[in-house]
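Structure first, then comments.
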Amino acid sequence: RVLQADPPRRLANLAGIPIACLHSDDPRFSEINRVAALFLRQAGCTVDDLWLNEHGITGNGHFMTLEDNSREVLGVALRWLDEQSP
């Protein structure tokens with residue numbers, strides 16, 4: 001899938017910063033997240049996809065911070081952040 005015409009615009013200021021894309025089960029937003037991650041990769045960024053269902057967390061929508069299991073979701077993000085630290 002082509003998101004940008006060649007040569008793609010580069011996001012040089014973000015290229016050295018780890019980026020995570022947190023995905024829930026909500027099919028309405030899975031395509032938006034997938035395309036956003038593809039765009040960032042095409043622009044030279046490193047993006048890790050964090051799928052909540054791979055961490056045993058299911059049933060979330062797009063507003064994960066306000067849902068009953070927001071602490072579990074936060075745990076996935078914090079573990080990823082810890083892995084990025086030297």
Side-chain angles (χ1 to χ4, degrees):
R1 180 178 211 160
V2 176
L3 300 173
Q4 299 184 64
D6 284 330
R9 179 177 175 192
R10 308 297 281 182
L11 298 175
N13 291 337
L14 293 178
I17 300 172
I19 299 171
C21 190
L22 192 61
H23 302 273
S24 72
D25 292 338
D26 192 330
R28 296 170 294 175
F29 294 93
S30 60
E31 181 66 9
I32 294 169
N33 286 346
R34 190 183 71 75
V35 171
L38 286 172
F39 175 86
L40 289 167
R41 289 183 185 109
Q42 188 182 35
C45 300
T46 300
V47 181
D48 291 333
D49 291 299
L50 303 178
W51 294 92
L52 292 179
N53 61 5
E54 292 178 1
H55 297 271
I57 301 172
T58 59
N60 287 85
H62 72 284
F63 222 153
M64 298 170 253
T65 57
L66 298 179
E67 296 180 18
D68 290 338
N69 64 347
S70 61
R71 287 186 184 267
E72 291 176 59
V73 174
L74 177 62
V76 172
L78 290 176
R79 282 190 295 278
W80 179 84
L81 282 171
D82 283 342
E83 292 170 3
Q84 305 314 303
S85 302

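None of the values given here were measured: they were computed from a predicted structure. Along the sequence shown, residues carry numbers from 1.
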Would you confirm whether Gln4, through its side chain, and Gln42, through its main-chain N or O, come within 3.5 Å as a donor-acceptor pair?
no
Would you please name every residue forming a salt bridge (Lys or Arg N to Asp or Glu O under 4.0 Å) with Arg28, sequence neighbours left out?
Asp26
According to the salt bridge (charged side-chain N to carboxylate O under 4.0 Å, His left out) rule, which pairs have a member within residues 46-55, sequence neighbours left out?
Arg41-Asp49
Would you say Asp82 has more than 12 foreign heavy atoms packed within less than 6.0 Å of its CG?
yes
Between Val35 and Phe29, is there shared hydrophobic-cluster membership here, with clusters defined by ILVMFWY side-chain heavy atoms closer than 4.5 Å?
no
Rounded at 0.5 Å granularity, tell me how far CZ in Phe39 sits from CZ in Arg9.
7.0 Å
Those residues at least two apart in sequence (or on a different chain) that pass salt bridge (Lys or Arg N to Asp or Glu O under 4.0 Å) with Arg10 are none
Apply side-chain hydrogen bond (donor to acceptor under 3.5 Å, both in side chains) to Asn60 and list each qualifying residue two or more places apart in sequence or on a separate chain.
Glu67, Asn69
Nearest heavy-atom pair of Gly61 and Ser24: which atoms, and what distance?
O-OG, 2.9 Å
Taking side-chain contact (heavy atoms from CB on, under 4.5 Å) as the test, write out the residues that go with Thr58, two or more places apart.
Asp25, Asn53
I'd like to know if the side chain of Thr46 reaches the main chain of Pro18, judged simply by a donor and an acceptor atom lying under 3.5 Å from each other, with no hydrogens or angles considered.
no
Apart from Leu52 itself, what residues make up its hydrophobic cluster when side-chain heavy atoms of I, L, V, M, F, W and Y under 4.5 Å apart count as a link, directly or indirectly?
Leu22, Leu50, Ile57, Met64, Val73, Leu74, Val76, Leu78, Trp80, Leu81
